[in-house]
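Heads up: the structure comes next, in structure tokens.
Residue numbers begin at 1 in each chain, while the letters A, B, ... track the order of the sequences.
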Number of protein chains: 2
Amino acid sequence: MSETTRAPARIRSLPSWLLGRAAARGHRLVAEALAQVGMRMMHHAVLSAVAELGPVSQAELGRSLSIDPKDMVAILNDLQNDGLVTRAPDAKDRRKNAIALSPSGKRRLIQTERLGREANDELTAALTPAERTQLMGLLVRIVQPEEPCVETDPSSE
Amino acid sequence: MSETTRAPARIRSLPSWLLGRAAARGHRLVAEALAQVGMRMMHHAVLSAVAELGPVSQAELGRSLSIDPKDMVAILNDLQNDGLVTRAPDAKDRRKNAIALSPSGKRRLIQTERLGREANDELTAALTPAERTQLMGLLVRIVQPEEPCVETDPSSE
DNA sequence: GAAAGATCGTAGGGAGCCCCAACGATTTTC
DNA sequence: GAAAATCGTTGGGGCTCCCTACGATCTTTC
């Protein structure tokens, strides 16, 4: 054995493993922070997406955030029960539900955005701002292939 | 709204979100590759760790890889049923099981290491070797706080 | 206009990873 | 020797993701 790999594991040298561990820590930090206001990560993500996209269907929310339609139902049930979003039938397409942010949803979003930001600051505490930007750039290029990013399709309009 | 955030989501600008998406893709690529030989990611991780650490207890394996003891039981049951590892009671500490690699386990590990490497190459295909190294360095510093890495504790010996 | 296909919301089951609690057996500590 | 800690095991549960299916609705095609 000419290698000098006395390190705990060859596994740790694989990007997929490190990504998994880093993501697990990020998820845990964010989840713990959001639990302070009784919310979970996906709840905040949906709330934030609704705020940006305006009244939007559940299907489009799911595509934007890579959330399973089944899970989306449960998430929106929670958010609706808490009065954070409104779920009204879309007049133009009666299959769809128009999800919109309520006033208390806007207020809650301000809280959760702060909590999410703080958790991410703790997650990347060991990194300089430049390194954090660097990391984001690298991650985007890894995620890219599976994030169509709702490209403006000329054939649909 | 004076902001120019017409981007799909503020969520995507959070490290935790990008880490989650990148990790999801990595997990999917590796899982698909390992499925070719009927194995899962954790199976390969355990196999690789056993190869490095030699005969080792289940508890230490779990700590090394951050695997829940409950899941470790199931994983080792699978590996043992496939004849890839041996699980013998430790003579020195009869609470422990000494997990060791079998000859067929060594052979299987060669396969899974190649599959894992290829999947990670595809995962980081958009990155140059230098960027990949850069990414690994940044990730290590994010994961660090939760990976004690079995530091030699002077108080225990 | 009618039939075929696609999409939407909802629901079912399940796999894989993660966390918490508990138990008998065993080892270590006091 | 008694108490505390550890080991392997089992239990339950939560979260993310995947596949299937259904009725209702919209779109496409004939």
Nearest-nucleotide 5' precedence on DNA chain D, A/I75 against A/K92
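Taking each residue's closest nucleotide, the earlier one in sequence belongs to A/I75.
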Let me spell it out: for each of A/D90 and A/M42, pick the nucleotide of DNA chain D with the closest heavy atom. Which residue's pick is nearer the 5' end?
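It is A/M42 whose nearest nucleotide is closer to the 5' end.
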Pick the nucleotide of DNA chain C nearest each of B/D71 and A/P69; which residue has the one closer to the 5' end?
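Nearest nucleotide further toward 5': that of A/P69.
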Whether the side chain of [X] engages the backbone of [Y] through a donor-acceptor N/O pair (distance < 3.5 Å, no angle test) should be reported.
X      : Y     : result
A/S102 : A/L84 : yes
B/S57  : B/K96 : no
B/D68  : B/K70 : yes
B/R94  : B/P89 : no

Does B/D68 reach a base, just sugar-phosphate, or nothing at all? Heavy atoms under 4.0 Å.
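Base contact - B/D68 has a heavy atom under 4.0 Å of at least one base atom.
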Contact class for B/M72 vs. all strands (heavy atom < 4.0 Å): base, sugar-phosphate, or nothing?
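No contact.
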Looking only at N and O atoms, is any donor in the side chain of B/K96 or the base of D/dG8 less than 3.5 Å from an acceptor on the other one?
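Between D/dG8 and B/K96, which were checked side chain against base, a qualifying N/O pair under 3.5 Å is absent.
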Would the base of C/dG9 count as contacting A/K70 through its side chain, where contact means a donor and an acceptor less than 3.5 Å apart?
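Looking at the base of C/dG9, it does not pair with any donor or acceptor on the side chain of A/K70 (distance under 3.5 Å).
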Are [X] and [N] close enough that a side-chain N or O sits under 4.0 Å from OP1 or OP2?
X     : N      : result
B/Q58 : D/dT9  : yes
B/H27 : D/dT16 : no
A/R21 : C/dC18 : yes
A/R40 : D/dC15 : yes
B/N77 : D/dT9  : no
B/R63 : D/dC7  : yes
A/R87 : C/dT10 : yes

Should A/E118 and A/R114 count as an ion pair when the cut-off is N to O under 4.0 Å?
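Counted as a salt bridge, because a side-chain N and a carboxylate O are separated by less than 4.0 Å.
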From D/dT10, D/dG14, C/dA11, nucleotide with atom closest to A/V73 side chain
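Of the candidates, C/dA11 comes closest.
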If you restrict it to nitrogen or oxygen atoms, what contacts under 3.5 Å exist between nucleotides 21-25 of chain D and the protein, and what is each distance?
none

Applying side-chain contact (heavy atoms from CB on, under 4.5 Å) between B/L47 and each of B/M42, B/E52, B/M39, report the one that passes.
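For B/L47, the side-chain contact (heavy atoms from CB on, under 4.5 Å) test succeeds with only one of B/M42, B/E52, B/M39, which is B/M39.
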